[in-house]
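To start, the structure under review is shown below, and the notes come after it.
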Amino acid sequence: ETGVTQSPTHLIKTRGQQVTLRCSSQSGHNTVSWYQQALGQGPQFIFQYYREEENGRGNFPPRFSGLQFPNYSSELNVNALELDDSALYLCASSIFQGSTEAFFGQGTRLTVV
Amino acid sequence: AQTVTQSQPEMSVQEAETVTLSCTYDTSESDYYLFWYKQPPSRQMILVIRQEAYKQQNATENRFSVNFQKAAKSFSLKISDSQLGDAAMYFCAYRSPFGNEKLTFGTGTRLTIIP
């Protein structure tokens with residue numbers, strides 16, 4: 001049992017709106033990574049946060065932004081939502097350079113209409 | 001940039017039989033990690049097995065084992081004695097030991113277990 005929790009589980013937003021997704025890391029983990037999984041695809045890396053700083057970013061526009069808090073929980077913010085942003089958003093926590101294993105949450109299903 | 005390819009969108013196997021899922025990858029690095037993740041309908045990614053590239057011995061976890069061919073850049077997953085609970089999407093993933101801990105995933109294989 002991994003202990004990584006994400007909220008909400010499902011969300012419907014209108015194009016142009018803004019959304020915030022939340023992730024609570026597994027206890028003892030200091031790194032959070034976010035992934036976007038479009039329907040029928042593998043997850044794509046959005047960015048990673050380590051000790052409250054962004055530590056790497058995938059090929060996503062600046063309207064995808066994030067935060068990591070002192071307790072290592074994290075938020076993913078997406079501004080100016082587009083229809084193509086509809087996807088499953090996965091959060092994974094790990095110990096930076098201390099583990100080869102990332103533990104995933106159950107994801108947030110975002111639908112943009 | 002590294003890439004991961006899974007050429008089997010769907011596979012099926014009879015319960016109690018053995019099935020092999022294929023994965024190839026491309027990288028210029030000599031050291032790296034490879035993973036198989038399972039994603040059931042609950043959507044949560046669950047680690048099935050991992051392999052460090054510097055280890056020649058193939059990883060094994062109970063009914064799950066891999067065939068790691070470094071020169072061929074191939075990393076297949078064998079599931080023995082398939083069970084109904086094995087039905088899921090299976091993703092192969094690559095991770096570099098350098099920089100951040102980004103995982104690069106393949107497109108997945110949907111495994112169906114036939115009772």
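In the text below, chain A, chain B and the rest are named by the order of the sequence lines, each starting its count at 1.
- The heavy-atom pair separating B/Gln44 from A/Val4 by the smallest distance is NE2-O, 4.5 Å.
- By the criterion of side-chain heavy atoms lying less than 4.5 angstrom apart, applied directly or through intervening Ile, Leu, Val, Met, Phe, Trp or Tyr residues, A/Leu110 is grouped together with A/Val32 in one hydrophobic cluster.
- Proximity to chain B is limited to the side chain of A/Gln37, based on heavy atoms less than 4.5 angstrom apart.
- Heavy-atom neighbours of B/Lys78 NZ from other residues, nucleotides or ligands within 6.0 Å: at or below the threshold of 12.
- In this structure, the separation between CG on A/Leu88 and CE on B/Met45 is 8.0 Å, given to the nearest 0.5 Å.
- Among the residues in residues 38-47 of chain A, those with a non-hydrogen atom closer than 4.5 angstrom to a non-hydrogen atom of chain B are A/Gly40, A/Gln41, A/Gly42, A/Pro43, A/Phe45.
- Within 6.0 Å of the CD1 atom in A/Ile12, the count of heavy atoms belonging to other residues, nucleotides or ligands does not exceed 12.
- The stretch residues 64-89 of chain A participates, sequence neighbours left out, in these ring-ring contact (aromatic ring centres under 6.0 Å, His included) pairs: A/Phe60-A/Phe64.
- For B/Gln6, no part lies near chain A; criterion is any non-hydrogen pair under 4.5 Å.
- Contact detail for A/Phe104 and B/Leu103: the closest heavy-atom pair is CZ-CD1, 3.9 Å.
- Residues B/Phe91 and B/Met11 fall into different hydrophobic clusters, defined by Ile, Leu, Val, Met, Phe, Trp and Tyr side chains chained together at heavy-atom separations under 4.5 Å.
- Remark: side-chain polar atoms of B/Tyr33 are not paired, donor with acceptor, to backbone N or O of A/Glu101 under 3.5 angstrom.
- Within 6.0 Å of atom CZ in A/Arg51, 12 or fewer heavy atoms from other residues, nucleotides or ligands are found, so the atom counts as exposed in its surroundings.
- Annotation: A/Asn71, atom CG; neighbour count of heavy atoms from other residues, nucleotides and ligands within 6.0 Å is above 12.
- Environment of CZ in B/Arg110: sparse, with no more than 12 heavy atoms of neighbouring residues, nucleotides or ligands closer than 6.0 Å.
- One distance of note links CZ of B/Phe105 with CG of A/Leu90; it measures 8.0 Å at 0.5 Å rounding.
- Contacts between B/Ser42 and chain A at a heavy-atom distance below 4.5 Å involve the backbone alone (N, CA, C, O).
- Both B/Tyr32 and B/Phe75 belong to a single network of hydrophobic side chains, linked directly or stepwise wherever heavy atoms of I, L, V, M, F, W or Y lie under 4.5 Å apart.
- Top candidate by heavy-atom pairs under 4.5 Å with chain A, chosen from B/Ile46, B/Val4, B/Thr107, B/Thr104, is B/Thr107.
- Other residues, nucleotides and ligands place more than 12 heavy atoms under 6.0 Å from the CZ atom of A/Arg63.
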